[in-house]
Amino acid sequence: MSPSSPASARSRGGTRPARSDLVRLLRDLGSGIRRGLARDEAAESSPALATGLAAVDELLGGGFAPGSLSELTGPPSSGRTALALALLARTTAAGGVVAVVDGADAFHPLSATAAGVRLERVLWARPPAAPEAVRCCDRLLRVRGFAVVLLDTAGRETEWEALPDAVWQRLARAGAATRTALIVLSGRRVTGSLADLALALQPTRVRFRGTPSLFEGLEIEAAIVRRRRGPLRGPTALRLRAESAD
Amino acid sequence: MRIACARVADLPLAAEQRAHPELRGRPLAIAGGEGARAELISVSPEAQRAGVRVGTSVAHARSVCAVLAVRIVSPSLAQTARDALLDAAFACAPRAAPAPCSGGVFASEAAVYVDAEGTGALFRSEAGFATALVERIRRLGLPVDVAVASSRHVASIAARRLGVIDTFPCRDEAVGAAEAGRVLVLLPEQERDFLAPLPIDLLDPDDALAEALTRFGVHTVRDLLALPRRGLATRLGVGVLELLQRMHADRDETPLPELRDARLVEAIDLEAPVDRLEPLLFVLQGLLSRLLERLEARHLGCGDIALALDLEGGARDVRHIGLAAPSADLRVLVRIARHALESRRLEAPAAGVRIETRGRPLRRDQLDLFRPAGPAPGVLGEALAALQSLCGDARVGTPIAADSHHPDVFEVTPFASPGIPEPAEAAPFTGALVLRALRPPVPAQVRRYRQCPAWIRSAVANGRVVRCAGPWRTTGGWWSKEGRFAFDHFDVQSEDGVVIRLRYDHVGRVWQIDAVYD
């Protein structure tokens, strides 16, 4: 290592590296340094993927960014799946192709159809365990043309929390390169600091009506608990209607 | 009409070397059966140089050549080699057909006739076409000689002649030595001169006729053609007329058929039965590799595979391997085959393996400039096959609603990327609460109050039932003892805040949670 390298400068007394060192480092890294910028570039240059839920889209500043890694978290009956399928419904209606990597084997085709998802534009994969689900995601994120890859980990968070951060880093980079939005659905946060956005959902009220009673829907609150760029916002109220209430 | 004959001189040997490339260049003999007394039916040039001869016993051959590798003749391998020969022919020309099996000294040969009419426009010359054919067949692991002539029989005789000479002196520019194969192009006006000095044995007469012709002093084609026709059949039998007919190059040839069947089979008979997964996969990898080479010759991808294992004792284990998309990736196919083998244990060791598939075109289509670009079909196909190898059979695809009243029934169809996007429609209704399925349904303990659940205990929801809606009864399949179902569904909010879809199964008399509202 040369005496003027950044590492040697730190070892000499913790001083900041000189600008010339940084310039040399950037030159040495060459095109590799652009990989780190790809995620931001992708997010900036493509229109956001809207969910069609005005409150959520406003909260997100238009929707989920293409090429970003986003996380939807919340306990059961918090509307996280409804929000994810709303995104798929809008995307497929606009002609996009989406993939669902169903790590929880919980995708309900009839319910998704009722939510407006066009199933003929959905590729559904049901891997048996987390490692296979990661590989599926990796494979799909490297195929250019999928607008959204939804990874459902809800109910199996323990399995997913054991994965190293490098997994999410790899998936995030793959998504950024192909401009595919990776949405991770989970009970609690599993992607750590690698998520560009984390949206936490919380149920506030369960609505039944009439006698005999009829399940009407849920009232929930959504809040941004992590955002790589931009302020944290929320909570915002949202109402989701059950199919039986129509 | 111009016809090419591609001929593999020693099919059992070539088929064995195709299946086991590591045997190339080594002394190898093919035995007609098991045991030390079995007769050798085919011998490689290396073994011949070591002194091993066809017709000797295995024990004798081993005493002559200590490093001799002996394999038992495999009809499966021979058949797949014949099929591969035909595949290569169809890769170069639109019409081809296998030659009928010969007898006598040519019993071990395999040949295919290929329509060479007009191929000069594509390959610059007939010699170029013949060389391309040799190259294509060589890529499939078969040594071959190719001759082009005006009829099937003349082309066949010329190809046989190539097997015993290196070059033919009359047409230096038309005869060339290709790598592991020779080519010969005979123009119509040269065929008579070419055939005249050839020995009668190349025409493959039956034993009685050959003996009679020898007795008459007829040794060459020229001698045969010089015989007076009157009373010839009376003296030598009707077989001689057939031989004479073969010499007439200008007679009408029936057209060769086009390729109609995209079915491909690869098979191998194992010398020792295999019951463990890894050796079986090793064998399968070889089969799949050769299958992909043949598919590549037809410019196709691998479709669904039928894997048949011939078990010891005569039973046959057949497994269907469905592919989400056509694939030409060997690693992916091997992984899918592993899933298929792991899914069910073999009842007995496998003594033979056979795979059959139908070639399917790899996906190619044109995307639209003004609509969201979907995945490129070729890349998507590979990805789908890889996904299936990770997830298993019927776990990758597009879900569709099944034609059933059963609330949990759906079907998974192969995912096809929408090639031509449909016109934009109105924005879908959003804000609908959806269900998360629980597969299989989670059993629950339920206490009722006035016919409604009042208390619940399960892995999903626990405690007092706060609110409840229902029941909604769903019944169906009553005409079938196995398929009948009757459920009472409830929408239930439990004390811990979870809203579930609870059901009472009247057939099984159990409470279950089949979905969670989320």
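Side chains included, hydrogens not; waters and symmetry mates left out as well; all remaining heavy atoms used. A note on names: the letters A, B, ... follow the listed sequences, proteins ahead of strands, and every chain is numbered from 1.
Contacts between A:A154 and chain B at a heavy-atom distance below 4.5 Å involve backbone atoms as well as side-chain atoms. Of the two parts of A:L185, only the side chain, counted from C-beta on, holds a non-hydrogen atom closer than 4.5 Å to a non-hydrogen atom of chain B. Both the backbone and the side chain of B:V499 come within contact range of chain A, each with at least one heavy atom under 4.5 Å from a heavy atom of that chain. Of the atoms belonging to B:C468, it is backbone heavy atoms, and not side-chain ones, that fall under 4.5 Å from chain A. Only the backbone of A:P75 comes within less than 4.5 Å of a heavy atom in chain B; its side chain stays farther off. The contact between B:L390 and chain A is made by backbone and side chain atoms together, counting heavy-atom distances below 4.5 Å. Residue contact with chain B, scored on non-hydrogen atoms closer than 4.5 Å, involves the backbone of A:R239 exclusively. Contacts of B:V412 with chain A are made by side-chain atoms alone, with heavy-atom separations under 4.5 Å and no backbone atom involved.
Within 6.0 Å of CD in A:E58 there are 12 or fewer heavy atoms belonging to other residues, nucleotides or ligands. With a 6.0 Å radius and a threshold of 12 heavy atoms from other residues, nucleotides or ligands, B:H506 has its NE2 atom above the threshold. More than 12 non-hydrogen atoms from other residues, nucleotides or ligands lie less than 6.0 angstrom from CZ of B:R467. Counting non-hydrogen atoms of other residues, nucleotides and ligands closer than 6.0 Å to CZ of B:R319 gives a total above 12. Other residues, nucleotides and ligands contribute more than 12 heavy atoms inside 6.0 Å of the CZ atom of B:R448.
Once rounded to the nearest 0.5 Å, the distance linking CD1 of B:I400 with CD of A:E120 reads 11.0 Å. For the atom pair A:E132 CD and B:L387 CG, the distance stands at 11.5 Å (nearest 0.5 Å). Of the inter-residue distances, the one linking B:Q493 atom CD with A:R205 atom CZ reads 10.5 Å to the nearest 0.5 angstrom.
Between B:F415 and A:R121 the shortest heavy-atom distance is CE1-C, 4.1 Å. The nearest pair of heavy atoms linking A:A82 to B:L433 is CB-CA, 4.2 Å. B:D491 and A:F208 make their closest contact through O-CE2, 3.9 Å (heavy atoms, listed as atom of the first residue, atom of the second, distance). Taking each heavy atom of B:R436 and A:A104 in turn, the nearest pair found is NH2-CB, 3.6 Å. Residues B:A401 and A:L110 come closest through the heavy atom pair CB-CD2, 3.5 Å. Scanning all heavy atoms of the two residues, the minimum distance from A:C136 to B:C391 falls at SG-SG, 3.4 Å.
For the options A:T113, A:V143, A:V122, heavy-atom pairs under 4.5 Å to chain B are most numerous at A:V122. Contact tally against chain B (heavy-atom pairs below 4.5 Å) for A:D152, A:T92, A:D102, A:V100: the top residue is A:D152. The choice from B:G497, B:G392, B:A437 that makes the most heavy-atom pairs within less than 4.5 Å of chain A is B:A437. Listed options A:V101, A:I220, A:L119, A:D105 were ranked by heavy-atom pairs under 4.5 angstrom with chain B; first place goes to A:D105.
Each of B:Y517, B:W472, B:F490 was scored for a ring pair (Phe, Tyr, Trp, His ring centres under 6.0 Å) with A:F215, with one residue passing: B:Y517.
Residues of residues 123-130 of chain A placed with any heavy atom under 4.5 Å of a heavy atom in chain B are listed by number as A:L123, A:W124, A:A125, A:R126, A:P127, A:P128.
Here the side chains of A:H108 and B:R501 are in contact, with some heavy-atom distance below 4.5 Å.
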